[in-house]
Number of protein chains: 2
Amino acid sequence: MLPPGEPKWRRRAADRPKEIIAAALEVFSEHGFTRARLDDIARAAGVSKGALYLYFETKQDLFKAVVQDAIEPRLLKIRTGAGTEIPFDEAARLGVGVLVSAIQSNPRIGGVLKLIVAESRNLPELALIWHQTVITPLLSLISDIIRRGQRSGEVRSGDPELFAMGLLGPLVLGLLWRETFEPIGADPLPLETLASQHLDTVLKGMKA
Amino acid sequence: MLPPGEPKWRRRAADRPKEIIAAALEVFSEHGFTRARLDDIARAAGVSKGALYLYFETKQDLFKAVVQDAIEPRLLKIRTGAGTEIPFDEAARLGVGVLVSAIQSNPRIGGVLKLIVAESRNLPELALIWHQTVITPLLSLISDIIRRGQRSGEVRSGDPELFAMGLLGPLVLGLLWRETFEPIGADPLPLETLASQHLDTVLKGMKA
DNA sequence: TCCTAATAACTGATCAGTCGGTTATTAGCG
DNA sequence: CGCTAATAACCGACTGATCAGTTATTAGGA
């Protein structure tokens with residue numbers, strides 16, 4: 001009756017959390033927070049629902065872990081190379097380049113972005129974390145570069161934060177476009193082309 | 001026991017649908033599709049839940065009505081003044097101006113935008129409608145203006161659709177910013193200033 | 001008096017979170 | 001080394017709450 005061969009499951013406490021987070025990212029970014037079922041996440045992680053609760057207190061807890069795991073490591077890379085004293089144009093191109101390649105290499109980042117927007121009302125605490133740890137640093141990094149360009153006379157006057165949003169906006173739009181309309185059958189968006197053409201435009205338009 | 005004075009309710013079949021749609025917009029844009037409760041919508045509309053089903057078949061049906069009601073009338077206004085043969089700069093400023101004032105005069109439009117992004121996976125049919133009736137016409141309108149500018153030699157070469165996204169991206173970002181971060185306590189975003197500064201930048205950057 | 005807008009109590013399905021029980025793994029002991 | 005006791009990882013059936021959608025009934029209006 002009981003075949004000895006393979007055990008029904010294995011104890012792998014060290015690997016479970018990251019496996020669960022990966023599975024949860026998949027399910028959350030497909031269905032959103034509320035419609036994502038813990039049973040589905042558990043199945044995708046190859047684990048029972050009960051096991052989720054060994055590693056995460058609640059569904060929200062798991063969701064937070066997913067978002068933080070997706071974001072925090074990438075932020076470090078962007079910060080690198082901020083303090084350097086290269087010409088404005090170059091710095092801007094470099095920064096956007098890092099952003100675009102981060103996006104390209106991790107296609108899930110669009111899903112995470114969508115999640116933040118979609119669930120900010122339900123999980124304000126999470127929106128706060130995201131705002132403090134990602135948005136604010138990123139924006140101030142870019143607007144610092146712009147400010148520097150203004151002081152050196154390379155960039156015309158204007159609110160640096162708004163310039164930064166003018167720079168990033170189309171990237172955000174592109175990401176959300178992919179998440180929203182490509183699954184519906186819309187033409188795929190050449191994000192890299194968009195980024196480079198827009199960068200050319202904005203840099204030219206910001207010249208003093 | 002029963003005081004004669006005011007009746008407990010009145011029959012107002014003509015007014016109910018729009019009242020329900022207004023209430024539903026409120027609740028949907030605060031909680032998203034799934035977490036919005038029909039009981040809450042009904043209460044906000046001053047009506048019982050059962051009454052909703054006299055006017056809408058399902059929750060999705062109601063949701064579709066909300067989105068279409070919010071969008072379609074505004075699209076007409078934007079289309080107006082498209083065919084005119086004014087200089088490129090002027091046309092672009094006019095178009096963006098109309099967009100911004102539409103946004104300002106109807107603060108709920110950001111909520112609708114968020115809903116589309118958030119629920120596109122759950123309600124692909126809706127994303128399709130939105131894509132066909134709003135996004136595509138709007139984008140092609142703007143890129144037509146740009147194409148015209150290119151033909152007349154006012155605008156440098158480049159993909160007109162991507163130029164259009166470069167123009168609109170920051171507006172979308174601004175709208176979502178409001179929806180996502182202002183409720184959390186972030187600084188309010190001066191959307192109009194953003195739009196005008198960005199327009200200046202992009203127009204300058206697109207010059208031939 | 002009759003039609004129907006509208007109500008309010010109800011049903012059934014779904015799902016987050018719990019808990020008693022089970023199995024893999026490790027440590028202790030001879 | 002083997003054998004066994006102890007432990008921690010894991011399972012999955014269950015519970016209680018929530019809500020979309022239904023229906024029996026009431027009451028407004030012509």
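Naming convention: chains lettered A, B, ... in sequence-line order (proteins, then strands); numbering from 1 in each chain.
Electrostatic pairing of B:E90 and B:R93 does not count as a salt bridge here, judged by no charged N lying under 4.0 Å from a carboxylate O. Contact check on A:K204 versus A:D89 returns no salt bridge, with no Lys/Arg side-chain nitrogen under 4.0 Å from an Asp/Glu carboxylate oxygen.
As rounded to whole Å, 12 Å separates atom P of C:dA16 from atom CZ of A:R35. In this structure, NZ of B:K59 is placed 8 Å from P of D:dG21, rounded to the nearest angstrom. Following rounding to the nearest Å, B:H31 (NE2) and D:dC19 (C1') show an atom-to-atom distance of 14 Å. We find that CZ of A:R11 is positioned 6 Å from P of D:dA9, with the value rounded to whole Å. Atom CD1 of B:I41 is separated from atom C1' of D:dC19 by 12 Å (rounded to the nearest Å). Between B:Q60 atom CD and D:dC19 atom C1' the separation is 15 Å, expressed in whole Å. Residue A:D39 contributes atom CG, which lies 11 Å from atom C1' of C:dG17 at whole-angstrom precision. One can place CG of B:L38 at 19 Å from P of C:dG12, the figure rounded to the nearest angstrom.
Across all strands shown, B:Y55 has heavy atoms under 4.0 Å from sugar-phosphate atoms exclusively, and none from any base. Among the heavy atoms of the strands lying under 4.0 Å from B:A36 are primed sugar atoms or P, OP1, OP2 only; no base atom is included.
Side chains of A:R121 and B:P183 form a contact here, defined as non-hydrogen atoms less than 4.5 Å apart.
A close approach under 4.0 Å does not occur between any side-chain nitrogen or oxygen of A:K49 and OP1 or OP2 of D:dG12. Taking side-chain N and O atoms only, A:R37 has a distance below 4.0 Å to OP1 or OP2 of C:dC15. Put simply, B:Y53 has no side-chain N or O that comes within less than 4.0 Å of OP1 or OP2 on C:dA5. Close to D:dG29, at under 4.0 Å from its OP1 or OP2, lies a side-chain N or O of B:R10. For C:dA6, one of the phosphate oxygens OP1 or OP2 lies less than 4.0 angstrom from a side-chain nitrogen or oxygen of B:R16.
Between A:G50 and A:T34, the one whose closest nucleotide on DNA chain C sits nearer the 5' end is A:T34.
Distance from the side chain of B:L54 is smallest for C:dA6 among the nucleotides C:dT25, C:dA6, D:dC10.
Between A:F28 and A:F33, the two ring planes are parallel [angle under 30°; tilted spans 30° to 60°].
Using a distance-only test at 3.5 Å, with no hydrogens or angles considered, no donor-acceptor pair links the side chain of A:Q197 to the main chain of B:L162.
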